[in-house]
Amino acid sequence: MSTNGKTNLLTQLNSTTLNRRSFLKWSSAAGATAMLASKVDLLDGIYPLSKAEAQGETTVIPTGCCHNCGGRCVLKAHVQDGVIVRVTSDTDRPDDPMDPQLRACVRGRSYRRRVYAPDRLRSPLRRTGPRGSGQFEEISWEEAADIIAENLIRIKEEYGSAAIYNHYATGAGNTINGSGVVGRMLNLFGGRLNYYNNYSWACTQVATPTVFGTQTSGQSRVDWLNAKLILMWGWNPAEMIDGTNTMYYVKLAREAGAKTIVIDPRHSMSAVGLADEWIPIRPGTDAAMMAAMAYVMINEGMVDEDYVNRYSLGYDSQHMPDGYEDAESFKAYILGESDGVPKTPEWAADITGVPAETIARIGREYGTTKPGILYQGYGVQRRAYGEQVVRMGCVLPVLAGNVGIPGGWAGGIAFAVSAESTPGVGFPGARNEVSYSIPSFMFTDAILRGNEMGAADGVRGLADGEETLPTSIKFLYNPAGNCIVNQHGNVNRTIEILKDESLCEFIVTHDNFLTPSARYSDIVMPACTYWETWGVTANWKYGPTRILMPQVVEPLYGTKSDYAICAMIAERLGIYDEFTEGGKTEQDWYNQWVDQLVTEYGDVYGDRVTFEERGSMTVPYTEEPTIAFADFIADPAANPLGTPSGLIEIFSPALAEFGNPDEVPAIPKYIQEWDSPFGPEAGEYPLQAIGSHYMHRSHSTFDNIDWLDEAFPQVAFMNNLDAQERGIADGDSVKIYNNRGAMIIPVRLTPRIMPGVVNIPQGAWYTPDASGVDRRGCVNILTTERPSPYALGNTQQSIMVQVEKA
Amino acid sequence: MHDRQLVYQARQAVYGLMQRLYQAAPDDALLQWLQTEQPFIEFPIPLDNAAPALEQVQAACAEASTSILRDDFRQLYIGPGPMTAPPWESVYRNEDHLLFDAHTLEVREFYARHGMEFVHKNETPEDSMTIEMEFMRIMTERQIIAFENGDPRAERILIEEQLAFLRQHLLAWTPHFAKLTRAKAHTAFYSGLVDVLEAFLKWDAAVLKELLELLPEEPPQTG
């Protein structure tokens with residue numbers, strides 16, 4: 001060190017330059033709050049802390065990932081000194097078809113990024129600007145709970161409990177968090193307007209029972225190993241995760257000899273990883289291809305008609321339901337006897353874009369390869385006439401003789417019989433004193449004109465002589481949900497409705513982040529993530545599993561579980577003791593539930609210590625899975641179905657009586673959609689758009705996770721041919737628009753999507769610019785709020801758009 | 001010759017003020033204090049490079065209202081929702097840009113070495129700007145005590161440790177934090193303040209380095 005520079009700065013400093021007069025009084029005046037506390041008695045100099053002591057031991061806590069993809073997976077949090085330093089999954093035990101690993105995908109494995117994201121909500125917020133402005137101020141927990149309780153009490157007094165509505169929400173899927181907890185609180189407070197249907201399955205949940213009398217029309221995944229052919233129809237378990245490890249069972253089925261064919265407008269990850277063949281098909285035309293397959297099967301003598309007629313009604317004119325002897329049979333429709341249009345492969349080729357010879361070949365393969373599975377994905381039924389593809393997809397298995405046999409598949413929503421179901425654990429029920437229920441997809445209508453909505457709008461639970469709901473929705477509760485704005489059809493319409501404070505007077509959201517839905521809320525409660533509290537989660541559609549979710553780390557920033565938030569509100573509503581059963585904490589409930597599982601399932605996974613060490617349990621599949629409808633096929637008279645006739649209803653008298661034969665025919669038909677490439681709307685908006693499930697997200701959850709955005713960027717996927725016509729190059733910014741709205745996002749050109757179709761993966765967070773153009777790529781800026789005609793389900797996959805270089 | 005104690009007191013005052021200004025937007029009392037005491041005009045340390053910034057901040061105090069400053073503080077540092085310049089070291093230092101990351105634990109360990117622990121440990125990260133300022137302020141306070149006790153060895157250790165903390169932590173992330181703040185601040189107050197902060201930290205590191213040369217080396221360890 002040179003002597004010269006040694007005291008350069010210091011020599012400048014003296015009592016003049018240092019301005020002593022001013023700074024001596026600073027510390028007290030600034031009034032800072034001290035936040036570093038002495039941990040130990042101070043030693044002179046440095047407190048000698050060994051490296052090991054500083055870092056602490058790392059403990060591994062098994063927990064789970066339970067948003068609303070189709071998986072519920074095991075994650076393991078590696079925790080050091082109260083901080084999650086690493087996340088792994090269920091990999092330290094052997095995989096086994098009878099007790100598979102519950103391995104998480106990239107979404108779950110990025111969980112640390114949710115917990116420790118800088119943009120977590122930290123404080124309760126009160127809106128200070130117009131709804132949607134994003135202007136909020138921090139308020140105390142007490143004040144926020146007071147405001148919510150005051151509004152619940154006020155609106156209940158003024159409009160009645162039916163004005164309070166807790167919308168479908170799936171952002172937090174364990175026992176302590178999410179929509180169910182709020183529902184329970186509101187039920188104890190006198191009830192709330194209920195909903196039925198959801199954004200996933202509305203058409204298939206309603207349409208499957210019209211054929212089979214039940215939604216339990218499927219069986220354990222291990223039975224797929226008995227199949228020789230699997231048609232994966234719009235089915236993409238690799239990305240949407242249709243049950244944890246469903247891909248594993250498809251792989252095992254292929255190893256056991258099954259051929260797999262993916263029928264999908266997209267060359268999806270499932271087409272890449274699980275399929276022997278990919279057949280691109282125009283969206284919304286699946287029922288036409290199925291009809292032509294039926295044509296081939298009937299025409300080429302592959303259908304055992306005696307068999308079909310023994311088990312079903314409406315296949316041919318000799319086997320129609322009583323009172324409908326002269327109505328159109330399925331066979332007459334397929335052969336064109338009733339409408340003069342035989343549903344030939346050539347007919348379907350023009351509609352579907354699939355070559356006629358391919359359709360005929362697939363028809364033959366499905367008609368002759370027994371046993372075989374026609375597995376319907378769910379995107380095909382989130383469409384204008386989603387009921388039809390579901391019903392058609394349930395009829396083909398009947399024609400092929402695939403119902404009730406090992407390796408077969410009856411179709412429809414296909415919840416699995418027997419072994420898949422395990423008794424749940426959760427809060428004791430709380431009866432909802434409000435009888436009314438609306439289709440979930442009609443909630444914006446129930447805000448706008450609920451007091452005019454009756455049975456024709458799908459309202460259930462009206463008393464005799466009661467025409468309509470007594471009130472519109474005035475209080476909208478949105479716990480861990482993004483459906484009140486982002487995930488509902490037609491965002492621009494939705495936000496116009498929500499902006500009007502004279503319609504819905506109060507909106508509450510609980511969330512970890514300031515989602516587009518939270519932005520439209522009057523009060524936002526900052527929920528902790530479920531890793532910061534206690535809970536248990538269960539399998540989604542498949543896999544009889546329970547995953548324990550003990551607390552991994554303390555709640556950050558003083559955030560609270562949805563349960564704890566509700567307990568604060570319940571206290572102010574005078575229902576604290578009922579809600580908490582005398583003050584139980586999250587951990588009290590957790591202990592109660594684990595003990596219950598141990599008591600009921602001790603033989604499966606041993607004592608509590610063993611269970612908690614493993615962190616999850618799966619009731620092992622039986623070697624011989626129970627087959628849906630096997631008893632019915634063995635003896636239909638002794639084991640009738642739940643349909644009115646007790647038989648498979650290819651022709652449904654209930655649908656005939658519905659009285660809208662063009663849109664809701666009694667036999668399944670292909671119906672041209674209201675937003676179709678064949679309609680007048682195609683002039684201005686010639687491209688079909690779809691919103692696929694994307695590895696980036698579970699619906700809209702994880703959209704703000706940067707890792708996932710890097711790996712799976714939000715872009716529009718477009719075929720090179722469509723791009724060439726429009727002078728669009730890969731990576732260009734494109735404007736995608738229709739009469740409902742517009743977005744500007746980058747485009748990815750790919751041959752992995754059918755020409756004429758643009759995919760905008762669903763779930764991106766609506767981010768409007770000053771002119772209302774979405775800059776993030778929320779597909780619902782383009783979708784409709786119009787429900788399907790019978791199920792009144794969402795139709796958000798039927799979209800026509802134009803795309804141009806931005 | 002300089003007065004070491006005076007230097008320490010000046011540093012303590014600045015770190016104390018910075019701790020408060022990065023903890024929350026000024027309330028009425030603080031804004032009034034800033035307007036009447038004019039701390040950025042009467043700044044205890046001659047930050048020649050930052051003279052315009054000091055003037056800018058002081059001028060901004062005169063024009064500012066608590067609500068305007070609060071709004072800017074929100075969008076810059078607390079949200080809700082994504083913020084412009086997250087005020088935590090780990091966001092800038094770790095490739096994951098998360099909170100509670102490796103550097104948070106390093107900072108935690110640094111505090112622990114000096115017998116300190118964040119009162120909100122594991123509830124909110126301790127590598128925030130305000131807490132790192134507080135750490136430096138407390139270390140300076142100890143320096144003053146060591147000086148008063150006539151314990152140059154302790155003074156030296158404290159200076160070495162502060163210099164290490166500045167180099168390993170504050171100076172490593174403040175430039176990134178300052179760049180984001182400057183680019184997106186809506187008020188002259190916060191865009192100027194971060195310039196003052198940066199200049200002060202650089203000055204402090206240089207001064208501490210010079211102080212080290214004035215103080216005796218630590219005697220050799222015995223035993």
Side-chain angles (χ1 to χ4, degrees), chain A residues 1 6-15 17-24 26-27 29-47 49 54-55 80-84 112-113 116-119 121-122 125 134 136 513-514 524 553-558 704 706, chain B residues 2-3 6-7 9-10 12-13 16-17 19-20 23 29-30 33 37 39 42-46 78-83 86 88 91 96-101 104-105 108-109 111-124 131 134-135 138 154 157 161 203 206-207 210-211 213-214:
Chain A
M1 183 62 62
K6 196 170 172 181
T7 55
N8 260 349
L9 283 164
L10 289 171
T11 47
Q12 293 170 17
L13 303 175
N14 54 47
S15 52
T17 56
L18 277 173
N19 217 337
R20 179 181 185 128
R21 186 179 51 81
S22 76
F23 67 75
L24 286 182
W26 275 23
S27 302
T33 314
M35 287 190 285
L36 282 168
S38 284
K39 189 179 173 185
V40 290
D41 288 339
L42 291 180
L43 303 177
D44 183 29
I46 299 170
Y47 172 56
L49 197 70
Q55 292 190 341
Q80 182 185 307
D81 196 16
V83 175
I84 306 158
R112 228 178 109 253
R113 308 192 70 73
Y116 293 140
D119 55 336
L121 291 173
R122 295 183 193 78
L125 302 171
F136 291 96
F513 298 99
L514 193 70
V524 181
V553 291
E554 294 289 326
L556 298 183
Y557 321 116
N704 57 333
D706 52 354
Chain B
H2 68 278
D3 179 349
L6 207 56
V7 175
Q9 283 170 341
Q12 186 192 20
L17 180 67
Q19 190 233 322
R20 173 59 186 88
Q23 184 177 323
L30 179 56
W33 183 86
E37 293 297 326
E42 308 247 334
F43 208 67
I45 287 159
I78 56 173
M83 60 212 80
W88 297 277
V91 173
D96 288 354
H97 311 299
L98 293 180
L99 307 186
F100 287 101
D101 216 328
T104 316
L105 297 179
R108 175 178 294 184
E109 193 191 337
Y111 298 165
R113 283 204 291 161
H114 294 277
M116 281 178 256
E117 186 175 69
F118 186 31
V119 295
H120 299 298
K121 181 181 173 184
N122 287 338
E123 185 186 316
T124 182
I131 303 303
E134 181 172 353
F135 175 70
I138 292 172
I157 291 169
E161 286 292 292
W203 175 90
V207 164
E210 290 181 15
L211 278 166
E213 293 174 15
L214 292 176

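Letters A, B, ... are given to chains in the order of the sequence lines, protein chains preceding strands, and every chain is numbered from 1. Atoms considered below: every heavy atom in the structure, side chains included; atoms not considered: hydrogens, waters and symmetry mates.
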- Which atoms of B:Phe100 approach chain A - backbone, side chain, both or neither, heavy atom under 4.5 Å: both
- Bottom line for B:Pro80: the part with an atom under 4.5 Å from chain A's heavy atoms is both
Less than 4.5 Å to any heavy atom of chain B: does that hold for the side chain of [X], its backbone, both, or neither?
X	result
A:Asn704	neither
A:Phe513	neither
A:Arg112	both

- Item | Contact summary for B:Val91 and A:Pro118, nearest pair of heavy atoms | CG2-CG, 3.9 Å
- Task: Indicate the atoms forming the closest heavy-atom contact of A:Asp81 with B:Arg108, along with that distance.
- Result: O-NH1, 2.8 Å
- Return yes if some donor-acceptor pair links the side-chain N/O of A:Arg122 with the main-chain N/O of B:Gly79 below 3.5 Å, else return no. no
- Message: Is the shortest side-chain heavy-atom distance between A:Val83 and B:Thr104 below 4.5 Å?
- Response: no
- Message: With chain A as the partner, which of B:Ile131, B:Leu98, B:Ile78 has the greatest number of non-hydrogen pairs under 4.5 Å?
- Response: B:Leu98
